[in-house]
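All chains are named by letter (A, B, ...) in the order of the sequence lines, taking the proteins before the strands, and each is independently numbered beginning at 1.
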There are 2 protein chains.
Amino acid sequence: MAKPQIERPGAGLSRRERVREATLLEIKEIARRHLVEYGPQGVSLRAIAREMGMTAPGLYRYVSGIDALLVLITAQMYDDLADTVAAADASVPEHDTDQRILTSLRAFRGWALEHRAEFSTMFGPRNQLDPGTDIGEALEAARRFGATFFTLFDRLLSEERFEVPSEEEVPADLARELRAFADTVGLSTPHVSLGAVMVLSSCWVRLYGVVCMEIFQHLNFAMADMEPLFESELRSLLSRLGVEYRPFER
Amino acid sequence: MAKPQIERPGAGLSRRERVREATLLEIKEIARRHLVEYGPQGVSLRAIAREMGMTAPGLYRYVSGIDALLVLITAQMYDDLADTVAAADASVPEHDTDQRILTSLRAFRGWALEHRAEFSTMFGPRNQLDPGTDIGEALEAARRFGATFFTLFDRLLSEERFEVPSEEEVPADLARELRAFADTVGLSTPHVSLGAVMVLSSCWVRLYGVVCMEIFQHLNFAMADMEPLFESELRSLLSRLGVEYRPFER
DNA sequence: AGCTTTAGTGAACGCCGTTAGCAAACGCTG
DNA sequence: CAGCGTTTGCTAACGGCGTTCACTAAAGCT
């Protein structure tokens, strides 16, 4: 009887590599849980090692330092968020573009609300980590997350939902920056004009603003529930995009 | 010859209280400098004490702990920012409301750019400090800062620059929150309608979003200079407020 | 002059990140 | 199976941190 040759996670890896991958995963999971429970300051190699039944120096076989570990889990969290948004998008019938957009954007806020600590480290200020720390992995994951939204936007664009500003309406200096932006994120296909990129940027900035404002709690001294304000911004934002707003069904 | 009885800073305070106030000030200044130079992690009581030629426990006569110190300097920074914006506003002829608004908002961004570390601690995520830390002082300073902007807005409102949404256009749940907000910040004078508060909130969220995006560097992997995007948002934001946009003269 | 309040110190505790040297386990090769 | 390099994890140690406590010395008041 031949052994089953199914593609399992970790296929093609030696036993050693598999167990190594597993402990690295455990490290990241515990680190993320500590981040949630004790805040960014509360993530410490010693505490993680303690919980795993080993000592701190041992972790250096897996991670080059605490900063690198934080970068690793940040990447993980971007992937998590991207998956959540993609799942929300996929949960709506394919043809109903309006509802898909709505659901996706609300899923973004929803994830942020349920993962405040994570969201804060992902979208809050970059604390200066000592030079030499490879940030590439997190950047790559952030790019994947961004692509989730760009896909949504691209669909709106191809459906010609909203009026796209002409090239003349985009100031020259802004045009240069938008071009660089579009090139980097892979939005430079022929049918995506600079005006469209401008609209996208503006919308993204607004979404980012409301959600940060809520998660970072900068209005909570005066406003108990931020959902109505979010929905209001969402509505105004979507009207710019030619998407029909529908109230949130609870 | 009678001694001059001029109102000096620290008047009415005993010698002891004056020198105490001075060292407290020195502590805060060094703390803030360390924040700028070494980041939020780099602010330590021991380092501050060392620089002052004393030992860390001595600082506990002035500050109840590191968290409290961070709250103190945060308050200081809000005052600093408020002063900067107010000065910008005052630097423009009184009658030229449009230019005063423009200048003030640009001053906000300008201060943020020149004080990234400060801005990040003020407007970034609230890191959870141990319970019992009095956050009141910073909140009070933040309120003073907010008042700077509310004054600008109030002027626009009284000049009837823009169309104010009617009460019916404000959803009920949002209305409740906006009312609470207006009450807390002292905007509940009769001539400020709920629709006006809604417009103000929306504008503030957008300004906050674009500046955070720039300072926290969440687009800098794809966009070198954020000024054009800021100016573009500013323009669209001001058009909503019925304020004439004028390009930035360098 | 005497007494009280205050400012600052030194020692200590328990955290933390990180490095260096060492011993055991693992897994491959002959 | 024996041998041997590689990988893994440990202990010990260094220096830094926040914070508490007991104590001294100075400052200010009566």
- Message: Taking any heavy-atom pair under 4.0 Å as a contact, classify Arg20(B): base, sugar-phosphate, or nothing.
- Response: sugar-phosphate
- Message: Do the side chains of Glu21(B) and Arg16(B) get close enough for a salt bridge, i.e. N-O under 4.0 angstrom?
- Response: no
- Counting just side-chain N and O atoms, does Arg50(A) come under 4.0 Å of either OP1 or OP2 of dC16(C)? yes
- Whole-Å distance, Met54(B) CE to dA26(D) P, equals 16 Å
- Message: Once you measure the plane-to-plane angle for Phe123(B) and Phe145(B), does it fall in the parallel (<30°), tilted (30-60°) or perpendicular (>60°) bin?
- Response: perpendicular
- Separation of dC16(C) atom C1' from Leu59(A) atom CG, nearest Å, is 13 Å
- Task: Check Cys212(B) against Tyr208(A) and note the closest heavy-atom contact, atom names and distance.
- Result: CB-CE2, 3.8 Å
- Query: Using 4.0 Å as the upper bound for N to carboxylate O, is an ion pair formed by Arg109(A) and Glu227(A)?
  - Reply: yes
- Message: In whole Å, I'd like the distance from the CE atom of Met52(A) to the C1' atom of dT8(D).
- Response: 12 Å
- Is Arg144(B) salt-bridged to Asp83(B), going by a charged N under 4.0 Å from an acidic O? no
Under 3.5 Å, which N/O atoms of the protein pair with N/O atoms of nucleotides 17-21 of chain C?
{"from": "dG17(C)", "atom 1": "OP1", "to": "Leu45(A)", "atom 2": "N", "distance (Å)": "2.8"}
{"from": "dG17(C)", "atom 1": "OP2", "to": "Leu45(A)", "atom 2": "N", "distance (Å)": "3.2"}
{"from": "dG17(C)", "atom 1": "OP2", "to": "Arg46(A)", "atom 2": "N", "distance (Å)": "3.0"}
{"from": "dG17(C)", "atom 1": "N7", "to": "Arg46(A)", "atom 2": "NH1", "distance (Å)": "2.4"}
{"from": "dG17(C)", "atom 1": "O6", "to": "Arg46(A)", "atom 2": "NH1", "distance (Å)": "2.9"}
{"from": "dT18(C)", "atom 1": "OP2", "to": "Tyr60(A)", "atom 2": "OH", "distance (Å)": "2.6"}
{"from": "dT18(C)", "atom 1": "OP2", "to": "Ile66(A)", "atom 2": "N", "distance (Å)": "3.0"}
{"from": "dT18(C)", "atom 1": "O5'", "to": "Tyr60(A)", "atom 2": "OH", "distance (Å)": "2.9"}

- Message: Rounding to an integer number of Å, can you tell me how far Glu17(B) CD sits from dT5(C) P?
- Response: 16 Å
- Answer yes when Glu51(B) and Arg46(B) have at least one side-chain N-carboxylate O distance shorter than 4.0 Å, and no when they do not. no
- Query: Whole Å only: how far is the OH atom of Tyr62(A) from the P atom of dC10(D)?
  - Reply: 10 Å
- Report yes or no: does Glu177(A) contribute a side-chain atom to a donor-acceptor pair with the main-chain N or O of Ala224(B) at less than 3.5 Å? yes
- Aromatic rings Trp204(A) and Phe149(A): how do their planes relate, parallel, tilted or perpendicular, breaks at 30° and 60°? tilted
- Query: Separation of Arg16(A) atom CZ from dA24(C) atom C1', in whole Å?
  - Reply: 12 Å
- Message: Between Thr55(B) and dT9(C), is there a contact of a side-chain N or O with OP1 or OP2 at under 4.0 Å?
- Response: yes
- Query: Atom CD1 of Ile48(A) and atom C1' of dC16(C): how far apart are they, to the nearest Å?
  - Reply: 12 Å
- Query: Does any N or O in the side chain of His34(B) come within less than 3.5 Å of the main-chain N or O of Gly39(B), such that one atom is a donor and the other an acceptor?
  - Reply: no
- Query: Hey, can you pull the residues of residues 26-37 of chain A with a non-hydrogen atom under 4.0 angstrom from DNA chain D?
  - Reply: none
- With a non-hydrogen cut-off below 4.0 angstrom, is Gly53(A) in contact with a base, only sugar-phosphate, or nothing? sugar-phosphate
